[in-house]
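Letters A, B, ... are given to chains in the order of the sequence lines, protein chains preceding strands, and every chain is numbered from 1.
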Number of protein chains: 2
Amino acid sequence: MGFAARTPQLEEILSQLEQSDALEELQDVIEKLRDCFGVDHMVYHWVSSTGEQYGCGTYSPEWVQRYLDQGYLRIDPVVLGCFQRFHPVDWKRLDWSSRAARAFQKEALDYGVGNQGLSIPIRGPNGQFALYTLSHNCSDREWAEFTERHRRELILVAHYFNQKALEFEPGRVPEQGQALSPREVEAMTLIAVGYNRAQAAESLSISEHTLRVYIESARFKLGAMNTTHAVAKALSRGLIVV
Amino acid sequence: MGFAARTPQLEEILSQLEQSDALEELQDVIEKLRDCFGVDHMVYHWVSSTGEQYGCGTYSPEWVQRYLDQGYLRIDPVVLGCFQRFHPVDWKRLDWSSRAARAFQKEALDYGVGNQGLSIPIRGPNGQFALYTLSHNCSDREWAEFTERHRRELILVAHYFNQKALEFEPGRVPEQGQALSPREVEAMTLIAVGYNRAQAAESLSISEHTLRVYIESARFKLGAMNTTHAVAKALSRGLIVV
DNA sequence: CACAGCCTCACCGTTTTTGGGGAGTTGGAA
DNA sequence: TTCCAACTCCCCAAAAACGGTGAGGCTGTG
């Protein structure tokens with residue numbers, strides 16, 4: 001096996017993916033990808049920063065609806081397991097022991113989901129989390145061979161797919177206020193790591209009153225209602241790093 | 001260009017990476033990778049959820065020491081910029097406008113860091129964040145060509161490298177498992193967006209006392225010293241999103 | 001069934017933070 | 001030079017958060 005297989009067809013699909021400029025097009029792309037890889041199902045499932053879900057893929061609409069209605073997101077072992085992991089996860093290696101999980105599994109099979117599956121967790125900025133999933137009906141051995149053979153391509157596809165999805169994320173307007181001054185950054189950082197004002201001030205070798213001015217100033221610049229809010233905003237915007 | 005270039009040499013290095021079973025070996029691997037890609041520097045830099053840093057790479061020890069001593073992590077535009085993005089980032093596209101950033105940049109050059117750079121952000125479970133960086137001295141055109149040619153391989157290498165690093169993560173066991181309950185997440189989220197306890201409680205239609213219990217519980221679970229700290233930790237670990 | 005974890009409510013006093021003032025220095029930019 | 005932004009320091013009173021303790025109902029798992 002080469003570093004990653006050369007597949008003109010996949011190349012072409014990825015090209016389409018990169019050039020697509022609407023969310024709807026992703027559905028088309030994922031169907032082509034499914035056919036290209038020759039699996040029963042392929043799904044991209046995105047849990048946005050606000051908790052909304054977006055997905056495209058080849059599961060039956062009934063299953064998708066059922067999944068959403070029942071809030072299966074919170075009990076699906078695939079989601080729960082992938083959330084804790086980094087690398088592609090074979091469904092067999094997940095924890096299906098709980099009663100709810102087994103019921104879910106059975107129901108999924110009834111709705112046409114394959115007995116085999118591979119899910120790749122993807123994480124973006126601001127807590128974005130997505131899953132790129134392949135599912136198929138076949139023997140363990142066949143599935144192991146398939147996943148081994150295409151592992152690298154799939155990781156890349158997942159990456160590119162998510163990159164595109166991120167472009168379409170609504171309301172990701174970079175709310176650029178002004179940056180914080182160096183001292184403000186230091187002060188905010190110390191507060192963010194749990195110091196109270198007295199400790200932070202001592203750590204910076206300044207008076208607590210001065211430190212307070214920085215925090216207030218940062219709060220003002222960030223348009224925050226209180227210190228905690230300011231820290232949260234600063235973290236979200238990457239102005240400080242903890 | 002194929003889907004990803006076939007390179008036996010890279011293949012071999014990745015093999016070594018996958019089989020390595022000690023952190024020290026990663027240093028060897030990254031040097032080989034640097035030579036394989038023919039760039040001046042290659043660095044893997046990991047910021048754990050607890051704020052500790054680990055890195056391996058080919059920067060001079062003096063620069064690494066300087067970086068750590070000065071806490072450059074918090075002002076490095078590469079880190080700050082990559083934190084907001086998903087795809088590989090060319091250093092030229094970052095914001096170097098602040099005074100601190102320019103001083104940092106100048107100093108980095110003095111310490112042997114290249115004038116060109118490409119950094120790939122990587123995110124793991126529990127708010128893990130890492131950077132896989134290549135740096136080189138060459139013209140803009142050469143660099144653009146290089147990054148275009150190797151983009152896909154580099155994404156994969158970054159993925160594999162991080163996967164290995166995660167295996168070695170110290171203290172991974174104690175950190176995990178302390179997920180917040182749904183109510184705690186709601187409470188923390190409201191606090192994070194600037195509500196005070198009364199407002200948050202009203203928003204959840206519960207008494208302020210109850211809300212307080214959630215916050216305290218979350219604080220305890222997260223090992224935080226105060227509410228602000230807890231919010232920062234929850235954000236860093238991706239337990240809540242604003 | 002028992003136990004654990006989650007959700008809900010309450011009171012107490014203490015500590016910390018907040019929000020409003022005012023005021024002096026420095027160093028870089030216009 | 002003049003000006004502004006950043007940095008430093010101080011007081012006070014009101015508001016908010018904290019910490020501890022206690023207690024009942026509900027659900028799901030072993």
For B:Val213, side chain to side chain contact (heavy atoms under 4.5 Å, CB included) partners two or more places apart | none
Taking only residues two or more places apart in sequence or in another chain, which ones pass ring pair (Phe, Tyr, Trp, His ring centres under 6.0 Å) with A:His41?
-> A:Tyr59
Spacing of A:Leu204 atom CG relative to D:dC9 atom P, expressed in whole Å = 10 Å
Whole-Å gap separating C1' (C:dG19) and CG (B:Asn196) = 15 Å
Find the distance A:His229:NE2 to C:dT17:P and express it as a whole number of Å.
-> 19 Å
Rounding to a whole Å, what distance do you find between B:Glu184:CD and C:dG5:P?
-> 12 Å
For B:Gln199 and D:dA16, what is the distance between atoms CD and P respectively, to the nearest whole Å?
-> 9 Å
Pairing residues for A:Asp76 by the side chain to side chain contact (heavy atoms under 4.5 Å, CB included) criterion, not counting sequence neighbours | A:Tyr67, A:Val78, A:Val79, A:Phe104
Parallel, tilted or perpendicular: ring planes of A:Trp143 versus A:His136, cut at 30 and 60 degrees = parallel
If you check every side-chain atom of B:His209, which of D:dC11, C:dA10, D:dT8 has the closest atom?
-> C:dA10
If you measure from CZ on A:Arg237 to CG on B:Leu80, what distance do you get to the nearest 0.5 Å?
-> 13.0 Å
Enumerate donor-acceptor pairs with a distance under 3.5 Å from any side-chain N or O in residues 202-209 of chain B to protein atoms, sequence neighbours excluded.
| residue | atom | partner | partner atom | Å |
| --- | --- | --- | --- | --- |
| B:Ser207 | OG | B:His209 | N | 3.3 |
| B:Ser207 | OG | B:Thr210 | N | 3.1 |
| B:Ser207 | OG | B:Thr210 | OG1 | 3.0 |

Earlier contact from the 5' end, DNA chain D, for A:Arg183 and B:Ala198 | A:Arg183
Restricting both atoms to N or O, compile the protein contacts to nucleotides 18-20 of chain D shorter than 3.5 Å, with distance only.
| residue | atom | partner | partner atom | Å |
| --- | --- | --- | --- | --- |
| D:dC18 | OP1 | B:Thr227 | N | 3.2 |
| D:dC18 | OP1 | B:Thr227 | OG1 | 2.6 |
| D:dC18 | OP2 | B:Thr227 | OG1 | 2.7 |
| D:dG19 | OP2 | B:Arg219 | NH2 | 2.6 |
| D:dG19 | N7 | B:Arg212 | NH2 | 3.1 |
| D:dG19 | O6 | B:Arg212 | NH1 | 3.0 |
| D:dG19 | O6 | B:Arg212 | NH2 | 2.9 |
| D:dG20 | O6 | B:Arg212 | NH2 | 2.4 |

Return no unless some side-chain N or O of B:Ser217 is found under 4.0 Å from OP1 or OP2 of C:dC6.
-> no
Sequence neighbours left out, what passes ring pair (Phe, Tyr, Trp, His ring centres under 6.0 Å) with B:Phe83? Give chain and number order.
-> B:Phe129
Is the shortest side-chain N/O distance from A:Ser207 to OP1 or OP2 of D:dC9 below 4.0 Å?
-> yes
B:Pro182 has its side chain closest, among D:dT8, C:dC7, C:dT8, to C:dC7
Would you indicate what A:Thr210 reaches in the nucleic acid, counting non-hydrogen atoms under 4.0 angstrom: base, sugar-phosphate, or nothing?
-> base
Grab the OH-C1' distance between A:Tyr195 and C:dT16 for me, whole Å please.
-> 18 Å
Mind checking side chain to side chain donor-acceptor pair (under 3.5 Å) for B:Ser139 and listing every partner two or more places apart, or none if nothing turns up?
-> B:Glu142
Nearest-angstrom distance from the residue atom CG of A:Leu211 to P of D:dC10 | 13 Å
Contact check, residues 95-110 of chain B vs DNA chain D, heavy-atom distance under 4.0 Å, returns none
Considering residues, nucleotides and ligands other than A:Phe37, do more than 12 of their heavy atoms fall under 6.0 Å from its CZ?
-> yes
By side chain to side chain donor-acceptor pair (under 3.5 Å), which residues pair with A:Arg151, not counting sequence neighbours?
-> B:Tyr160, B:Gln163
Does the side chain of B:Lys221 get closer than 4.0 angstrom to OP1 or OP2 of C:dC6 through an N or O atom?
-> yes
Would you kindly give the CD-to-P distance between A:Glu208 and D:dC11, to the nearest whole Å?
-> 12 Å
